[in-house]
Engineer: 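Below are the structure tokens for one structure; questions will follow.
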Amino acid sequence: MLDLRLIREQTEFVKERLGSRGDNYDELIDQIVSLDEKRRKIIAEVENLKHRRNLVSKEIGVMMKEGKDVTALREEMRQVGDQINELDALLRNVESELERLTLFVPNIPHESVPVGRDESGNKIVRVWGEPKEFDFEPKPHWEIGEELGIIDFYRGVKLSGSRFYGLKGLGATLERALINFMLDLHTKEHGYTEVFLPFLVKPYCMEGTGQLPKFSEEMYWCERDNLWLIPTAEVSVTNLHREEILDAEDLPLKYVSYSACFRREAGAAGKDIKGVIRVHQFNKVELVKITTPEQSYEELESMVRDACHVLELLKLPHRVVLLCTGDLGFSASKTYDIEVWMPGMNRWLEISSCSNCEDFQARRMNLRYRPYRGAKPRYAHTLNGSGVAVGRTMAAILENYQQKDGSIVLPEVLRTYLKGVERIG
RNA sequence: GGAGCGAUGCCCGAGUGGACGAAGGGACCCGGCUGGAAACCGGGUAGGGCUCAAAAAGCCCUCCGGGGUUCGAAUCCCCGUCGCUCCGCCA
């Protein structure tokens with residue numbers, strides 16, 4: 001959520017910056033500005049009346065003790081009270097509409113974000129490693145997984161429908177090993193605190209991180225209990241300290257969390273239909289930081305490095321991409337994607353996305369910190385990034401480590417997590 | 001799922017219709033005392049909004065959240081959320 005004051009006082013700036021995302025928000029912003037004006041007018045009026053009522057009510061109390069007649073004043077105040085109720089009701093309507101609209105406004109891109117229409121405007125920041133040369137035609141991971149009997153697409157679909165899959169034997173073990181490897185790396189070497197949180201959350205959590213109200217179609221909803229399945233642990237972890245005022249000396253808070261992620265992929269019919277890269281349920285290890293505005297961009301850089309470290313240790317070639325304004329997510333001010341090389345698919349594949357949301361989410365969830373003793377609270381900055389997507393990492397391992405004979409030689413760093421197993425097949 | 005009880009400031013806790021943003025205690029901060037400290041003494045310590053260029057100041061709101069009754073609500077009524085206790089069920 002953007003600061004209403006910013007929208008009010010720098011309307012043109014806000015419109016222009018939002019416009020760089022590729023959609024026009026002028027009309028929405030104009031509606032917000034005019035509702036805000038209306039709101040302030042009503043407030044001025046109703047507060048005057050309340051002030052008067054407070055004074056007179058006190059006086060009535062005093063007069064009653066003195067045995068004076070107060071019927072006339074009482075009657076007058078009853079009328080004032082009616083007016084207040086009317087105005088308050090009006091104000092509630094205006095405020096709820098204002099809030100509703102404001103929740104649909106995306107975050108303002110950071111000034112360092114390149115302006116561009118779509119992913120063609122993204123900038124490659126750096127590349128790590130080189131795509132391996134194969135002396136045979138490398139296969140895509142879905143063929144490898146099926147041939148080795150470690151990924152079961154058919155039965156995943158039998159159980160739950162399209163875009164679900166199952167793992168078996170060393171496939172299941174590898175998935176689990178990857179999760180543990182990533183969690184250990186981030187807790188032991190990068191200083192994150194591990195948390196394990198609910199996968200089902202209240203609607204206000206989804207609103208807090210920006211999935212609701214705009215992206216309800218993308219998520220699974222348990223209607224009976226009005227709970228939502230998280231599309232990423234970003235939701236549960238970032239909301240962990242919602243409505244709190246944190247001490248500055250505790251910042252930055254750095255959390256890492258494993259979670260299953262659930263996505264309806266509503267707008268992706270027919271896209272990436274093969275393999276495990278676009279499915280309704282997948283595992284992810286997520287990084288979240290809560291920090292100060294002064295530190296947040298440094299923290300974004302180090303978060304990207306922490307995520308890349310996973311891929312470096314796995315010796316998977318990857319590159320870091322700075323997203324342009326048109327490719328930026330709703331809540332983000334600045335985002336780096338990390339893309340891994342998939343020799344079987346012959347393309348780069350997003351395996352992590354690290355964003356600084358500045359105070360956009362913090363404002364939605366009322367997450368603040370106190371810069372120093374006695375100071376006014378300020379909104380914190382929140383960051384999130386995959387560290388990294390587990391299913392896609394498994395796919396990348398299958399494709400990058402495949403051998404001519406169809407077997408997989410497992411990355412060395414995983415061997416302690418695989419009880420010494422060195423290859424599959 | 002049933003029954004009952006509860007939610008007050010940073011923490012504990014009083015208040016059950018009128019001067020209450022809220023007694024008292026603790027904690028913390030500042031000052032005094034001291035060679036220094038403890039004890040003691042004095043003072044202070046919530047959030048949001050509106051008016052405003054801003055500051056200052058004033059006003060409004062907030063005693064879990066939302067409605068209502070009333071001239072006036074922390075206090076009375078209704079709804080919701082969360083917590084506790086007992087019963088039932090359950091991995």
Side-chain angles (χ1 to χ4, degrees), chain A residues 1-13 32-100 102-103 196-208 212 222-228 236 239-251 260 359 362-380:
Chain A
M1 191 153 63
L2 299 183
D3 187 0
L4 247 190
R5 185 166 294 152
L6 181 74
I7 296 177
R8 183 196 305 154
E9 290 170 3
Q10 303 199 52
T11 311
E12 288 314 307
F13 167 79
I32 288 169
V33 168
S34 90
L35 267 179
D36 175 54
E37 229 166 273
K38 197 167 165 188
R39 166 181 155 266
R40 279 158 41 228
K41 214 179 132 194
I42 299 168
I43 287 173
E45 205 174 331
V46 76
E47 285 193 352
N48 258 329
L49 291 173
K50 283 181 178 174
H51 179 45
R52 179 159 154 68
R53 179 174 73 179
N54 288 346
L55 293 178
V56 176
S57 288
K58 276 183 187 178
E59 207 183 320
I60 287 174
V62 174
M63 286 169 73
M64 282 172 69
K65 270 188 190 134
E66 294 169 349
K68 290 183 183 159
D69 178 40
V70 295
T71 42
L73 275 181
R74 241 191 220 185
E75 179 50 33
E76 195 195 331
M77 283 309 104
R78 173 200 290 277
Q79 282 169 20
V80 170
D82 288 346
Q83 282 182 62
I84 289 172
N85 283 343
E86 247 172 70
L87 287 171
D88 267 344
L90 187 62
L91 183 62
R92 275 199 298 278
N93 287 339
V94 169
E95 282 186 329
S96 73
E97 178 65 2
L98 184 60
E99 201 201 337
R100 195 186 69 79
T102 310
L103 287 173
F196 184 75
L197 302 171
F199 296 171
L200 285 162
V201 297
K202 302 247 188 203
Y204 55 71
C205 292
M206 289 297 185
E207 198 176 280
L212 288 180
C222 303
E223 183 174 16
R224 186 188 286 257
D225 301 292
N226 197 16
L227 289 168
W228 296 74
S236 41
N239 276 284
L240 202 54
H241 296 286
R242 72 187 339 269
E243 278 146 50
E244 292 183 23
I245 300 173
L246 304 167
D247 286 335
E249 62 240 42
D250 295 334
L251 303 182
D359 64 6
R363 192 170 259 118
R364 285 172 165 248
M365 60 178 77
N366 200 20
L367 167 60
R368 295 171 294 173
Y369 76 100
R370 205 181 294 282
Y372 54 92
R373 178 176 284 285
K376 284 275 173 201
R378 296 168 75 192
Y379 289 111

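Chain naming here is simple, since letters A, B, ... match the order of the sequence lines and numbering starts at 1 in each.
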Engineer: Looking at A/R368 and A/R363, would you say the former's side chain and the latter's main chain have a donor-acceptor pair under 3.5 Å?
Structural biologist: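 No.
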
Engineer: Please answer whether the main-chain N or O of A/M365 pairs with a side-chain N or O of A/R242 as donor and acceptor at a distance below 3.5 Å.
Structural biologist: no

Engineer: Please give the nucleotide sitting opposite B/G80 as a Watson-Crick or G-U wobble pair, both distances under 3.5 Å, or none.
Structural biologist: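 Pair assignment: B/G80 / B/C64.
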
Engineer: For nucleotides B/C29 and B/C20, find the distance between their C1' atoms and express it as a whole number of Å.
Structural biologist: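 These two C1' atoms come out 26 Å apart once rounded.
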
Engineer: Given atom CD of A/E66 and atom C1' of B/G18, what is their separation to the nearest angstrom?
Structural biologist: 13 Å

Engineer: Could you check whether A/Y369 and A/Y372 have their ring centres less than 6.0 Å apart?
Structural biologist: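 No, the ring of A/Y372 stays outside the 6.0 Å limit from the ring of A/Y369, centre to centre.
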
Engineer: Considering Watson-Crick and G-U wobble pairs with both distances under 3.5 Å, what does B/G58 pair with?
Structural biologist: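 Partner of B/G58: B/C50.
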
Engineer: Would you mind pulling out the nucleotide paired to B/C33, Watson-Crick or G-U wobble, both distances under 3.5 Å?
Structural biologist: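 Its partner: none found.
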
Engineer: Figure out the CG/P separation between A/L4 and B/G48, and round it to whole Å.
Structural biologist: 15 Å

Engineer: Write down the partner of B/C89 under the Watson-Crick or G-U wobble criteria, each distance required to be under 3.5 Å.
Structural biologist: none

Engineer: B/A46 and B/C10: how far apart are their C1' atoms, nearest whole angstrom?
Structural biologist: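 Comparing C1' positions in B/A46 and B/C10 gives a spacing of 9 Å.
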
Engineer: Using a cut-off of strictly less than 4.0 Å, decide whether A/H51 has a side-chain nitrogen or oxygen near OP1 or OP2 of B/C59.
Structural biologist: no

Engineer: Could you please spell out the steps behind the salt bridge (Lys or Arg N to Asp or Glu O under 4.0 Å) verdict for A/E47 and A/K50?
Structural biologist: CA-CA 5 Å; A/E47 285 193 352; A/K50 283 181 178 174; over 6 Å; no

Engineer: Within less than 4.0 Å of OP1 or OP2 of B/G67, is there a side-chain N or O belonging to A/R92?
Structural biologist: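 Yes, A/R92 has a side-chain N/O under 4.0 Å of OP1/OP2 on B/G67.
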
Engineer: What interatomic distance, in whole Å, is found between P of B/C61 and the corresponding atom of B/G21?
Structural biologist: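 These two P atoms come out 10 Å apart once rounded.
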
Engineer: Find the distance A/L35:CG to B/G49:P and express it as a whole number of Å.
Structural biologist: 18 Å

Engineer: B/A19, B/C61, B/C50: which one has an atom nearest the side-chain heavy atoms of A/R39?
Structural biologist: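 It is B/C50.
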
Engineer: Please report, to 0.1 Å, the donor-acceptor pairs under 3.5 Å made by any side chain of residues 34-43 of chain A, with sequence neighbours excluded.
Structural biologist:
from  : atom 1 : to    : atom 2 : distance (Å)
A/S34 : OG     : A/Q31 : O      : 3.4
A/D36 : OD1    : A/R39 : NH1    : 2.7
A/D36 : OD2    : A/R8  : NE     : 2.7
A/D36 : OD2    : A/R8  : NH2    : 3.4
A/D36 : OD2    : A/R40 : NH1    : 3.0
A/R39 : NE     : A/E95 : OE2    : 3.3

Engineer: Using both distances under 3.5 Å as the test, list the Watson-Crick or G-U wobble partner of B/C20, or none.
Structural biologist: none

Engineer: Verify the contact: side-chain N or O of A/R368 to OP1 or OP2 of B/G48, cut-off strictly under 4.0 Å; return yes or no.
Structural biologist: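 Yes, because at least one side-chain N or O of A/R368 sits under 4.0 Å from OP1 or OP2 of B/G48.
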
Engineer: Establish, from distance only, whether the side-chain atoms of A/N54 and A/R52 form a donor-acceptor pair under 3.5 Å.
Structural biologist: no

Engineer: Measure the distance from CD on A/E244 to P on B/G48 and round it to the nearest whole Å.
Structural biologist: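 That distance rounds to 16 Å.
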
Engineer: Can you check whether A/L227's main-chain N or O pairs, donor with acceptor, with A/D225's side chain at less than 3.5 Å?
Structural biologist: no

Engineer: Would you say that more than 12 heavy atoms from the other residues, nucleotides or ligands in this model lie under 6.0 Å from the CD of A/E244, or not?
Structural biologist: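 Buried by this count: over 12 neighbours within 6.0 Å.
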
Engineer: Can you measure A/E249 atom CD to B/C28 atom P for me and round it to whole angstrom units?
Structural biologist: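 So the CD-P distance, A/E249 to B/C28, works out to 14 Å.
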
Engineer: Counting only side-chain nitrogens and oxygens, does A/K376 get under 4.0 Å of the OP1 or OP2 atom of B/G47?
Structural biologist: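 For A/K376, the contact criterion (side-chain N or O under 4.0 Å from OP1 or OP2 of B/G47) is met.
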
Engineer: Under 4.0 Å, counting only non-hydrogen atoms across every strand here, what does A/V62 touch: a base, just sugar-phosphate, or nothing?
Structural biologist: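 The answer is base, as A/V62 lies within the cut-off (heavy atoms under 4.0 Å) of a base atom.
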
Engineer: Taking only N and O in the side chain of A/R378, is any of them less than 4.0 Å away from OP1 or OP2 of B/G47?
Structural biologist: no

Engineer: Measure the distance from CZ on A/R363 to C1' on B/G49 and round it to the nearest whole Å.
Structural biologist: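 The distance from CZ of A/R363 to C1' of B/G49 comes to 14 Å, rounded to the nearest Å.
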
Engineer: Need one value for A/K202: base, sugar-phosphate or nothing, where a base atom within 4.0 Å counts as base even if backbone is also close, heavy atoms only.
Structural biologist: sugar-phosphate

Engineer: Just to confirm, is there a sub-4.0 Å distance from OP1 or OP2 of B/U51 to any side-chain nitrogen or oxygen of A/R40?
Structural biologist: yes

Engineer: In terms of the nearest nucleotide of RNA chain B, which residue is placed more toward the 5' end: A/K65 or A/A44?
Structural biologist: A/K65

Engineer: Considering only the P atoms, how many Å lie between B/A57 and B/G67, rounded to the nearest integer?
Structural biologist: 31 Å

Engineer: Quote, to the nearest angstrom, the P distance that separates B/C77 from B/U16.
Structural biologist: 14 Å

Engineer: Do A/L246 and A/R370 make a side-chain contact, defined as non-hydrogen atoms from C-beta onward lying under 4.5 Å apart?
Structural biologist: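 No, too far: nothing below the 4.5 Å cut-off.
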
Engineer: How long is the line joining CG of A/L49 and P of B/C61, in whole Å?
Structural biologist: 11 Å

Engineer: Going from CE on A/M63 to CG on A/D69, what distance comes out if it is rounded to the nearest 0.5 angstrom?
Structural biologist: 7.5 Å

Engineer: Extract from the structure each pairing of a protein N or O with an N or O of nucleotides 70-75 of chain B at less than 3.5 Å, listing the distance.
Structural biologist:
from  : atom 1 : to    : atom 2 : distance (Å)
B/C71 : O2'    : A/S57 : OG     : 3.0
B/G72 : OP1    : A/R53 : NH1    : 3.2
B/G72 : O4'    : A/S57 : OG     : 3.1

Engineer: Could you give the CG-to-C1' distance, from A/D225 to B/G80, as a whole number of Å?
Structural biologist: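 Going from A/D225 (CG) to B/G80 (C1'), I get 16 Å.
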
Engineer: Rounding to the closest angstrom, what is the interatomic distance between B/C30 and B/A38 at atom P?
Structural biologist: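 Pairwise P distance, B/C30 against B/A38, rounds to 12 Å.
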
Engineer: Does a nitrogen or oxygen in the side chain of A/R52 sit under 4.0 Å from OP1 or OP2 of B/C60?
Structural biologist: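 Looking at the OP1 and OP2 atoms of B/C60, neither is under 4.0 Å from any side-chain N or O of A/R52.
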
Engineer: Using the C1' atom in both, what is the distance from B/C41 to B/C59, to the nearest Å?
Structural biologist: 37 Å

Engineer: Watson-Crick or G-U wobble partner for B/G72, using a 3.5 Å limit on both distances?
Structural biologist: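 Pairing partner: none.
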
Engineer: Which listed nucleotide (B/C50, B/G48, B/G18) is nearest to the side chain of A/R5?
Structural biologist: B/C50

Engineer: Taking atom C1' in both B/G9 and B/A22, what distance in whole Å separates the two?
Structural biologist: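 Pairwise C1' distance, B/G9 against B/A22, rounds to 9 Å.
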
